[in-house]
Protein chains: 2
Amino acid sequence: MGRRSDHSREELRALILDEGHRQLSEVGFARFSAREVAKGVGYSIGTIYNVFGSYDALLLALNGRTLDLWLAFLEERLAGCEEGRLDAAIEAYFDFALGQRHAWTALYDFRLPEGASPSEDYRNKVAAITGVIVREIAAVLPAGAQAQALPLARSLLASVHGHCFFALNGTFAMLGESDPLGAAKARVADALARYGAG
Amino acid sequence: MGRRSDHSREELRALILDEGHRQLSEVGFARFSAREVAKGVGYSIGTIYNVFGSYDALLLALNGRTLDLWLAFLEERLAGCEEGRLDAAIEAYFDFALGQRHAWTALYDFRLPEGASPSEDYRNKVAAITGVIVREIAAVLPAGAQAQALPLARSLLASVHGHCFFALNGTFAMLGESDPLGAAKARVADALARYGAG
DNA sequence: CAGATTAATTGAACGATGTCTAATTTTCTA
DNA sequence: TAGAAAATTAGACATCGTTCAATTAATCTG
């Protein structure tokens with residue numbers, strides 16, 4: 001079969017992303033297959049390569065979508081939240097990871113070949129999520145510690161990530177920890193206490 | 001070729017583990033291949049399956065070896081260390097992950113199929129590493145807070161893991177963080193300060 | 001020591017993967 | 001309307017994990 005006019009380039013791209021994200025969320029990164037996505041949208045594997053160029057590029061696009069969903073989820077949770085916004089953000093972190101388990105895990109299971117770096121677009125998405133945390137931390141830091149908001153946000157993101165990661169991969173269960181979210185909140189509180197936040 | 005007397009069962013197992021760990025450390029989890037290991041030891045792929053039963057079992061054994069190396073590395077670093085032992089442990093965490101980059105990453109990239117859980121042997125190895133941290137934290141906690149040593153150790157392990165993970169996977173670089181180790185140490189110090197450690 | 005039994009080892013087969021490319025077909029352009 | 005450009009396909013390729021019948025060497029047995 002040759003050229004078709006079923007979908008424009010952008011429609012096709014969106015179609016593949018929709019179906020791809022659906023499958024990734026269902027089967028997880030390890031079992032994810034570009035061929036299967038092609039089947040799902042009724043095109044051949046070659047078309048996936050025409051649109052995305054490579055398997056890696058497809059996965060980067062799918063992970064980008066996950067980041068978009070994550071940011072939206074985070075902002076929505078914070079939208080009607082007056083007090084305890086930072087705790088709410090941590091809860092949102094956990095809830096998204098648990099709810100979108102496979103998609104979230106794929107963010108970290110998938111790695112570009114050594115030397116390669118993600119697109120500016122992708123980096124911006126990561127920075128956007130970080131930006132939310134920077135904002136929330138700045139809001140609770142005293143005036144004299146505002147300069148610490150960015151480095152602190154990066155560090156606390158890493159801490160929360162570690163807790164969330166151990167919760168999902170079974171490490172915490174193996175060690176008898178039954179309240180990963182509580183532990184994560186406590187560590188964030190520890191750090192903020194030192195900067196006189198409140 | 002039929003039965004050979006080149007190696008006993010245990011020698012063969014050790015041979016495969018040696019070569020497997022060498023290759024895993026060299027090429028990383030994504031490019032690791034059981035067939036290639038078979039080539040490396042001069043046996044056929046079938047023999048790998050006779051000895052280990054499955055690809056998953058082989059990888060679990062290889063990750064087990066990484067955990068052994070990690071524990072030994074950690075203890076050796078702490079051996080001649082009088083003060084600042086906890087900071088030394090965090091440094092050791094980072095140094096091992098950086099030095100054994102591929103092997104360390106494989107600990108978390110590889111996942112058992114859903115529902116399956118690692119062997120008791122594997123769980124013990126993870127618990128052993130945790131045990132070292134519990135011990136070191138207990139040593140700096142005041143008498144009244146000893147009960148917190150275990151939960152705190154689990155939580156601080158997660159925090160340090162998050163920092164190490166972000167350092168290795170490029171997230172920190174992407175966010176402009178240039179001292180992940182320093183940040184990890186600071187978060188641990190924050191937590192200990194709250195418990196009156198010193 | 002000879003023959004039978006057991007155990008280990010092999011390599012081909014299978015279905016699946018990502019990747020590439022020649023051929024085909026449609027659409028656009030001059 | 002003829003030719004150029006773009007899109008789509010299907011098959012080929014090398015690789016992967018997995019299985020298994022056949023083969024061969026070591027061991028046991030009488």
Side-chain angles (χ1 to χ4, degrees), chain A residues 1-17 19-21 23-24 26-63 102 106 109-116, chain B residues 1-17 19-21 23-24 26-63 102 106 109-116:
Chain A
M1 198 188 303
R3 187 179 223 173
R4 286 155 48 172
S5 56
D6 303 14
H7 307 97
S8 75
R9 200 68 174 188
E10 269 130 37
E11 284 174 335
L12 189 48
R13 196 186 150 86
L15 210 62
I16 295 172
L17 248 64
E19 176 67 11
H21 205 269
Q23 291 194 15
L24 180 61
E26 186 178 326
V27 306
F29 174 67
R31 297 192 200 284
F32 179 79
S33 145
R35 274 189 147 94
E36 211 58 39
V37 175
K39 262 189 219 167
V41 295
Y43 280 78
S44 83
I45 175 65
T47 294
I48 305 264
Y49 274 79
N50 284 345
V51 175
F52 288 93
S54 71
Y55 176 84
D56 286 8
L58 171 61
L59 245 108
L60 226 42
L62 290 173
N63 278 349
H102 282 145
D109 280 348
F110 173 67
R111 284 217 214 347
L112 255 32
E114 326 222 3
Chain B
M1 197 188 302
R3 185 182 232 178
R4 285 154 51 170
S5 56
D6 304 13
H7 307 96
S8 74
R9 200 68 172 187
E10 268 129 38
E11 283 174 335
L12 188 47
R13 196 186 149 85
L15 210 63
I16 294 173
L17 250 71
E19 176 66 12
H21 205 268
Q23 290 194 15
L24 180 60
E26 187 178 325
V27 307
F29 174 68
R31 296 192 201 283
F32 178 80
S33 143
R35 274 189 149 94
E36 211 58 39
V37 176
K39 261 189 221 167
V41 295
Y43 280 79
S44 82
I45 175 65
T47 294
I48 304 264
Y49 274 79
N50 285 344
V51 176
F52 287 93
S54 72
Y55 176 84
D56 286 7
L58 170 62
L59 244 108
L60 225 43
L62 290 173
N63 278 349
H102 282 145
D109 281 347
F110 173 67
R111 282 216 217 346
L112 257 30
E114 325 222 3

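In what follows, chains are A, B, ... by sequence order, proteins preceding strands, each numbered from 1. Just the heavy atoms: all of them, side chains too, but no hydrogens, waters or symmetry mates, feed the values below.
Note: B/Arg4 CZ to B/Thr47 OG1 = 7.0 Å, rounded to the nearest 0.5 Å.
Around atom CD of A/Glu114, no more than 12 heavy atoms belonging to other residues, nucleotides or ligands sit under 6.0 Å away.
The shortest distance between the side-chain N/O atoms of A/Thr47 and the OP1/OP2 oxygens of D/dA7 is not below 4.0 Å. Close to C/dG18, at under 4.0 Å from its OP1 or OP2, lies a side-chain N or O of A/Ser33. Here A/Ser54 does not reach the OP1 or OP2 of C/dT19: none of its side-chain N or O atoms lies under 4.0 Å away. Considering only side-chain N and O atoms, B/Ser44 lies nowhere under 4.0 angstrom from the phosphate OP1 or OP2 of C/dT9. OP1 or OP2 of C/dT10 sits under 4.0 Å from a side-chain N or O of B/Arg4.
As a whole-Å value, the separation of B/Tyr49 OH from D/dC16 P is 11 Å. Whole-Å rounding puts the B/Ile45 CD1 to C/dC14 P distance at 18 Å. The distance from atom CD1 of A/Ile48 to atom P of C/dG18 is 10 Å, rounded to the nearest whole Å. In this structure, the CG atom of A/Leu58 is 14 Å from the P atom of C/dT17, given to the nearest Å. Straight-line distance from the OH atom of B/Tyr43 to the P atom of D/dA25: 13 Å, rounded to whole Å. In this structure, B/His7 places its NE2 atom 14 Å from C1' of C/dT9, rounding to the nearest Å. Straight-line distance from the CD atom of A/Glu11 to the C1' atom of D/dA7: 15 Å, rounded to whole Å. If you take CG of A/Asp56 and P of C/dT19, they are 6 Å apart, rounded to a whole angstrom.
A/Arg31 is not listed as a side-chain neighbour of A/His102, based on a closest heavy-atom distance of 4.5 Å or more. In this structure, A/Tyr43 and A/Glu19 have side chains that are not in contact, with every pair of non-hydrogen atoms separated by 4.5 Å or more. Residues B/Lys39 and B/Ser33 are not in side-chain contact: their nearest non-hydrogen atoms beyond the backbone lie 4.5 Å or more apart.
Taking every side-chain heavy atom of A/Arg9 into account, D/dA7 is the closest of C/dT10, D/dA7, D/dT9. Of all nucleotides listed (C/dG18, C/dT10, C/dT17), C/dT10 comes nearest to the side chain of B/Asn50.
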Tabulate protein N/O versus nucleotide N/O from nucleotides 12-14 of chain D, keeping only pairs under 3.5 Å, one per line.
| from | atom 1 | to | atom 2 | distance (Å) |
| --- | --- | --- | --- | --- |
| D/dA12 | N6 | A/Arg35 | NH2 | 3.4 |

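Positionally, the nearest nucleotide of DNA chain C for B/Asp6 lies more toward the 5' end than for the other of B/Asp6 and A/Gly53.
Under 4.0 Å is where a charged nitrogen must lie from a carboxylate oxygen, and between A/Arg13 and A/Glu10 no such pair does.
Aromatic ring orientation, A/Phe110 versus A/Tyr55: perpendicular (interplanar angle above 60°, classes split at 30° and 60°).
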